[in-house]
Amino acid sequence: MNNREVAELLGNVAAAYEVLEENPFKIRAYSQAGEAVANLSEDIRGDWEEGKLDDVPGVGPAIRSHLDELFRTGKVKHFEEVFKKLPAGLFPLLNVPGVGPKSAFKLAKQLGIDKEHNAIARLKKAGEQGEIEKIEGFGKESQEKILVGIEELLRRENKMLLPEAAELAERVIEYLKKSPQVLRVEMLGSLRRRASLVGDVDLAAATKNPEAVVRHFVDFPEWKQVLAEGGITARAIHRSGRQVDLKTESPERFGALLQHFTGSKAHNVALREYSLTKGFSLSEHGIKISKGPTLPRQGPTLKNFKTEEEFYKFLGLVWIPPEMREDRGEIEAGKLNGLPKLMELPQVKGDLHIHSNIDIETSHDLGASPLSEIVNQAEKMGYEYIAITDHNPSVSKHSEKQIVSLIKMRNESIDEFIRSRGMSMKTRVFKSLEIDILPDGRLSVPEEVLDFLDFVMVSIHSSFREIRADQTQRLIRALSYPKVKILGHPTGRKLLERDGIDCDWGEIFVVCKKRNIYLEVNANPRRLDLPDDLIKQAIEAGVKLSLGTDSHQVENMELMRYGVDQTRRGWAERKDVINCLGYNEIAKLLIVNC
DNA sequence: GCCGTTTTCGGCCCGACTGTTTTCAGTCG
């Protein structure tokens with residue numbers, strides 16, 4: 001059982017308790033535990049194996065013992081007894097937007113949806129045949145809403161990679177700014193927090209005339225369909241099929257709106273709990289002072305905030321960068337003024353993961369761009385250095401001797417290029433190689449090859465599904481070779497395609513720290529690997545990071561900012577990322593025997 | 001059922017929107 005499945009199970013228990021009208025706080029406890037598991041990047045089963053379930057927020061003695069039973073026996077007797085009281089078809093219906101536990105129960109019961117596997121299809125059919133509106137408590141409009149919800153469910157299953165969401169948002173923002181009524185526009189939600197995957201694009205506009213701004217928004221020519229248009233908000237579907245929401249607010253209150261809809265939900269819940277202890281009640285409109293010297297008979301007064309900075313300051317906190325708002329300790333840190341000074345894109349002085357088109361008959365994709373274009377681009381970006389990290393020559397097609405001579409050939413071609421450019425070349429080039437880690441942890445090239453490289457990057461490109469202990473030993477063995485300085489895209493995940501490997505990262509961090517090996521934050525938006533929460537843990541363990549775009553063509557070197565976004569989500573400061581060092585300093589770290 | 005800078009007992013986030021049950025429950029972010 002993976003995290004998503006465990007989270008779903010806990011969510012189903014919460015929903016079942018809701019239908020059965022259990023204690024509301026017990027319901028919330030299960031639903032919070034479920035969300036916490038869903039947001040975990042560590043494998044929860046691994047946490048259980050190591051006796052660390054207590055570290056998961058929201059998991060106390062009762063839920064821990066249920067999870068213990070789940071991992072030992074594959075099921076939880078108590079949960080099954082609870083579920084038995086309800087139709088099994090109820091649970092898939094919870095995924096339809098607009099359908100919660102109570103409605104799902106009524107629908108499943110009245111429509112006789114008693115199996116999980118075809119529940120959504122049966123609901124859809126019932127809606128199309130007008131069966132839903134006949135149920136007490138539902139009408140024609142709820143029936144229509146459910147059918148729209150089912151469509152949205154099918155569409156929502158593929159979230160957007162960050163750049164797709166960012167580019168769509170920028171198009172709409174550019175259009176919105178054409179209206180003189182729009183005083184300010186900002187991105188909201190997971191997009192503003194620069195999360196690796198984004199659901200809908202949410203935007204906020206500051207205006208004194210919300211109706212005019214909403215009208216302008218719905219007139220955007222690229223909408224396929226306008227879903228809703230109110231006095232202060234609107235929602236539309238873009239021709240790409242992606243949903244865009246707009247919220248408006250007066251400039252005087254814009255700070256509170258921005259804060260509220262930037263989230264994350266977990267951050268906001270934690271912030272409200274913290275604020276309540278001070279007698280403040282937060283909302284998207286501002287802060288109500290519910291305790292202390294409010295005037296009698298007047299009720300709580302609402303305080304307005306133009307900016308987020310003022311909003312956080314009023315709560316006794318410093319402004320928290322959106323990337324950090326995931327309830328990972330940022331409120332505590334903001335209280336003590338102990339927030340890190342996050343690194344920024346202009347501090348990046350080089351790209352440590354680039355593939356060229358020098359043909360050494362590689363095991364994986366050859367780059368598309370010649371070294372000359374790569375260096376030109378690097379100089380344009382103001383880089384002091386780049387690392388050429390082509391894949392190793394394929395092992396099956398070459399003898400060891402041939403591999404060595406291919407690497408020598410590549411070195412000569414790089415050296416010749418550098419000579420030809422002479423003193424005018426501002427960017428220095430590291431000769432490296434991205435070497436495959438074999439299933440047993442050995443490297444896929446003869447050790448002799450390492451002598452011809454400035455440093456080595458190693459990466460996993462196969463056998464992603466080994467069990468944790470094996471995968472951990474595999475990585476440790478790979479990291480023990482001389483000259484290995486960077487572990488490339490450490491988890492091997494591909495967003496929306498496959499999960500990363502299961503591995504005891506704590507052990508890997510120890511090895512990296514001891515041997516001065518750097519963990520890559522791969523900036524390719526399909527990878528963004530290490531993931532943000534592991535970045536945070538790595539930094540806490542004293543491990544330093546290496547940024548690389550994994551570019552196979554020069555255009556992709558521009559994707560560095562997405563890697564920087566993720567390091568910021570992992571609380572990285574300038575000192576945590578070796579790319580912030582100048583050439584002389586980083587050469588000392590990477591080239592061990594120079 | 002969880003949790004701790006007023007608490008190991010007694011609390012537990014806030015408001016908008018929607019549709020239908022004509023006064024509010026359910027759902028969402």
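Below, each value reflects all heavy atoms present in this structure, side chains not excepted, and no hydrogens, waters or symmetry copies. Remember, predicted model here, so these are calculated numbers, not experimental data. Proteins get letters first, then strands, A, B, ... in listed order; numbering begins at 1 in each.
The aromatic rings of A:Phe280 and A:Phe314 sit tilted relative to each other, their planes meeting at an angle between 30° and 60°. Under the 30°/60° scheme for interplanar angles, the aromatic rings of A:Tyr17 and A:His78 are found to be tilted.
Side-chain contact of A:Trp319 with A:Glu308: a donor-acceptor pair under 3.5 Å is present, judged by distance alone.
A:Leu271 comes within 4.0 angstrom of nothing in the nucleic acid, heavy atoms only. Here A:Glu136 lies out of heavy-atom contact (under 4.0 Å) with every strand. A:Lys106 comes within 4.0 angstrom of nothing in the nucleic acid, heavy atoms only. Contacts of A:Gly139 with the nucleic acid, taken as non-hydrogen atoms under 4.0 Å apart, involve only primed sugar atoms and P, OP1 or OP2. Counting non-hydrogen atoms under 4.0 angstrom, A:Asn268 reaches nothing in the nucleic acid.
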Check your understanding: Using a cut-off of 4.0 Å between protein heavy atoms and nucleotide atoms, how would you tag nucleotides 22-27 of chain B 5' to 3' with B, S and -?
Key -> ----SS
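For residues 195-253 of chain A, the pairs satisfying ring-ring contact (aromatic ring centres under 6.0 Å, His included) are A:Tyr175-A:His216, A:Tyr175-A:Phe220, A:Phe217-A:Trp223, A:Phe220-A:Trp223, with sequence neighbours left out.
When the C1' atom is used for both B:dT18 and B:dT23, the distance is 14 Å, rounded to whole Å. Between B:dG26 and B:dT21, the distance separating the two C1' atoms is 12 Å to the nearest Å.
Taking side-chain N and O atoms only, A:Ser281 has a distance below 4.0 Å to OP1 or OP2 of B:dC14. Not one side-chain nitrogen or oxygen of A:His285 sits closer than 4.0 Å to the OP1 or OP2 atom of B:dC14.
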Using distance only, find each side-chain donor-acceptor pair of residues 335-343 of chain A under 3.5 Å and give its atom names and separation, not counting sequence neighbours.
{"unit_1": "A:Lys335", "atom_1": "NZ", "unit_2": "A:Glu332", "atom_2": "OE1", "d": "3.1"}

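Using the Watson-Crick or G-U wobble rule with both distances under 3.5 Å, B:dT8 pairs with nothing in any strand shown.
Using a 4.0 Å cut-off between a side-chain N of Lys or Arg and a carboxylate O of Asp or Glu, A:Glu211 and A:Arg215 do not qualify as a salt bridge.
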